[in-house]
Number of protein chains: 2
Amino acid sequence: MTKQKILVVDDEESLCEILKFNLEIAGFEVDTTFSAEKALKLSIKDYDLILLDIMMGKMSGIQMAQILKSKMETADIPIIFCTAKDTENDTIAGFNIGADDYITKPFSVREVIARVKSVLRRTSTDSNEKISVEYEKLKVDLIRKRCILDGEKVSLTKKEMEILILFLKNRGVIFSREDILRRIWKDDVVVLDRTIDVNITRLRKKIGKYGSHIVTRLGYGYGFEE
Amino acid sequence: MTKQKILVVDDEESLCEILKFNLEIAGFEVDTTFSAEKALKLSIKDYDLILLDIMMGKMSGIQMAQILKSKMETADIPIIFCTAKDTENDTIAGFNIGADDYITKPFSVREVIARVKSVLRRTSTDSNEKISVEYEKLKVDLIRKRCILDGEKVSLTKKEMEILILFLKNRGVIFSREDILRRIWKDDVVVLDRTIDVNITRLRKKIGKYGSHIVTRLGYGYGFEE
DNA sequence: TTAAAATGTAACATAATTGTAATACCTAAG
DNA sequence: CTTAGGTATTACAATTATGTTACATTTTAA
């Protein structure tokens, strides 16, 4: 089995070294960069997890995370934020980025490794390779390209299915209309925001009682809540 | 002739060791892993056969098999399932994965080796053993390259036959036109997507009542549904 | 070589989907 | 309790995807 790759992005060089040293002992392959700008020049999609400092030079970790989450090929890479103080946790929550975890400085190396392993365990199964994604009695079979609700087949259109998959894979995450457009409509066509609303409405109707799990966050966008 | 490679996936480590030891004596090269997740990280296409436990941790052998069958580069690797009890055989049948064989625990090592050799003999290219793929009264004789519907011979063209075989071997799986082109037309010629549609139409017509089992998933592609 | 079969393509028919606009409705901030 | 700025819903139009047929081209077999 090939090692899992971790990218550490932090402007404190010494901290990076410590993390690298210890994570490597724990069996990971580790690269480090000292700024978001440099990190973005790497082939980020090759990493299995990113440890990201929130407070850095010009570009904040938050900004970098938003960029990563907005791109198809990096959107599913788990990110663990490192925050200087507790108060910054609100910031993370407020930005509604798909933060997979966060950890408050100062932290023990042992703690970081535990978090890393936990997140990787959590995300490795429900990533690309899964054949279905489900919530209770609502299931999307990714190979058969169909949706099953209470054991009954529900006929979803491609767009509806893609939205549902996105939401089920990222429960709790609120996606802005812009996010959704980038990830489902891609860059090729330009459609109005209203179009998303209509597709959401149609999807809600088709998935019956689970329709109410697709929530609207006024001014932000949509997401799936448990 | 280079040794044939076998992958054993079972969460019982001791059983893996026993199988590995004996299969190696029998002249095979053997790797073992203890979970489906780990197995999927290996370069599975390098193996000639997979011995797969059905009951494992998070991901079941069934799920793993479905994943393998859905990917072009691993779809044709024979799989022998190991089931704990007889009753699980129904499960295999129910899932309609292209199970090449199954074997019930507890089993003798001699038995396993016999099955492995038998399956490899059957699936290796220079074999003459009769093998067919069928669904109810629709059958394709892979050796004679013939299709039999309700006992009557149906004359299919090569392309029609190949599509039908692909679908019957992977029931439930939806193949995109791109998939179908890669697997049946290969890289040699470039044809339009419309060509596939036309061949699907012809095939549907020829296989009578089973024609409706070839389903269209708008925006995704075609597949065979039970 | 020729006829039959197989295959690919174009053109059109049909069906499903997606997008838009208009309108009704809701929500949060004053 | 208003109001302004979202959001939901509906019906319809536009677009896109697929089905079908006829025919052109290629291959096969005698």
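In this text the structure is predicted, and so the values were computed from the model without any measurement. A note on names: the letters A, B, ... follow the listed sequences, proteins ahead of strands, and every chain is numbered from 1.
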With a 4.5 Å limit on heavy-atom distance, are the side chains of [X] and [Y] in contact?
X: B/Val173; Y: B/Phe167; answer: no
X: A/Lys153; Y: A/Arg146; answer: yes
X: B/Val140; Y: B/Glu134; answer: no
X: B/Leu164; Y: B/Leu156; answer: yes

inquiry  = Less than 4.0 angstrom between a side-chain N/O of A/Arg217 and OP1 or OP2 of D/dG6, yes or no?
reply    = no
In whole Å, I'd like the distance from the [atom1] atom of [X] to the [atom2] atom of [N].
X: A/Asp197; N: C/dA24; atom1: CG; atom2: C1'; value: 14 Å
X: B/Arg202; N: C/dG8; atom1: CZ; atom2: C1'; value: 8 Å
X: B/Leu203; N: C/dT7; atom1: CG; atom2: P; value: 12 Å
X: B/Ile196; N: C/dG8; atom1: CD1; atom2: P; value: 10 Å
X: A/Tyr222; N: D/dT7; atom1: OH; atom2: P; value: 6 Å
X: A/Ile214; N: D/dT9; atom1: CD1; atom2: P; value: 11 Å
X: A/Asp193; N: C/dG19; atom1: CG; atom2: C1'; value: 13 Å
X: A/Ile200; N: D/dA8; atom1: CD1; atom2: P; value: 8 Å

task = Answer yes if the ring centres of A/Tyr222 and A/Phe175 are under 6.0 angstrom apart, and no otherwise.
result = no
key: A/Leu51 and its side-chain contact (heavy atoms from CB on, under 4.5 Å) partner, picked from A/Val112, A/Val9, A/Leu7   = A/Val112
Students often get this wrong, so: under 4.0 angstrom with heavy atoms, is [X] touching a base, only sugar-phosphate, or nothing?
X: A/Arg204; value: sugar-phosphate
X: B/Thr201; value: base
X: B/Thr216; value: sugar-phosphate

inquiry  = Over the length of the helix from C/dT1-D/dA30 to C/dG30-D/dC1, how much do the five-pair end axes diverge, rounded to 10 degrees?
reply    = 40°
request  = Could you please name the option among D/dT9, D/dT7, C/dG8 that lies closest to any side-chain atom of A/Arg194?
outcome  = D/dT7
task = Taking only the side-chain heavy atoms of A/Trp185 (C-beta and beyond), determine which of D/dT10, C/dT18, D/dA8 contains the nearest atom.
result = C/dT18
message = On DNA chain D, does the nearest nucleotide to B/Tyr220 precede the nearest nucleotide to B/Lys205 from the 5' side, or the other way round? Give the residue.
response = B/Tyr220
To the nearest 0.5 Å, what is the distance between [atom1] on [X] and [atom2] on [Y]?
X: B/Ile180; Y: B/Lys159; atom1: CD1; atom2: NZ; result: 12.5 Å
X: B/Ile207; Y: B/Ser212; atom1: CD1; atom2: OG; result: 8.0 Å
X: B/Ile163; Y: B/Asn199; atom1: CD1; atom2: CG; result: 4.5 Å

query = Does anything in residues 153-164 of chain A reach DNA chain D, meaning a heavy atom under 4.0 Å, and if so which residues?
reply = none
key: 5′-ward residue of the pair A/Val191/B/Asn199 relative to DNA chain C   = B/Asn199
key: Basic-acidic side-chain contact under 4.0 Å: B/Arg204, B/Glu160   = no
